[in-house]
Amino acid sequence: MNVEQTITIESLRNISVEDFLSLLRQKSALEVQFPNGESLIVQAKVELAPLPILDGYVPQGWKEEIYKH
């Protein structure tokens, strides 16, 4: 796992949950270090909404966009 940033548990006490989630959304993974030397890696998991059922019809450009990346 590629940890992009390491922060201490003490620094987390000074930010809101919304700010922490925003930071986590910007980074692929964060390492949180505790005073006893242990650390915890936190990684956001983004779940996409399911694609609509199209009964065999694929709108113009969808296939190209899906396979582009």
K.L.:
Once you round to the nearest 0.5 Å, how far does CG of Leu24 lie from CG of Asp19?
P.N.:
12.5 Å

K.L.:
Holding to salt bridge (Lys or Arg N to Asp or Glu O under 4.0 Å), I want the full list of residues that pass it with Glu10, two or more places apart in sequence or in another chain.
P.N.:
Arg13

K.L.:
Quick one: list whatever passes side chain to side chain donor-acceptor pair (under 3.5 Å) with Gln5, sequence neighbours left out.
P.N.:
none

K.L.:
Determine all donor-acceptor pairs shorter than 3.5 Å in which one atom belongs to a side chain in residues 29-40; sequence neighbours excluded.
P.N.:
residue, atom, partner, partner atom, Å
Glu31, OE1, Thr6, OG1, 3.3
Glu31, OE2, Ser39, OG, 3.0
Asn36, OD1, Glu38, N, 3.0

K.L.:
Find the distance between NZ (Lys27) and CD1 (Ile7) and round it off to the nearest 0.5 Å.
P.N.:
10.5 Å

K.L.:
Testing Asn14, Thr8, Ile9 one by one against Leu12 for a side chain to side chain contact (heavy atoms under 4.5 Å, CB included), which residue passes?
P.N.:
Ile9

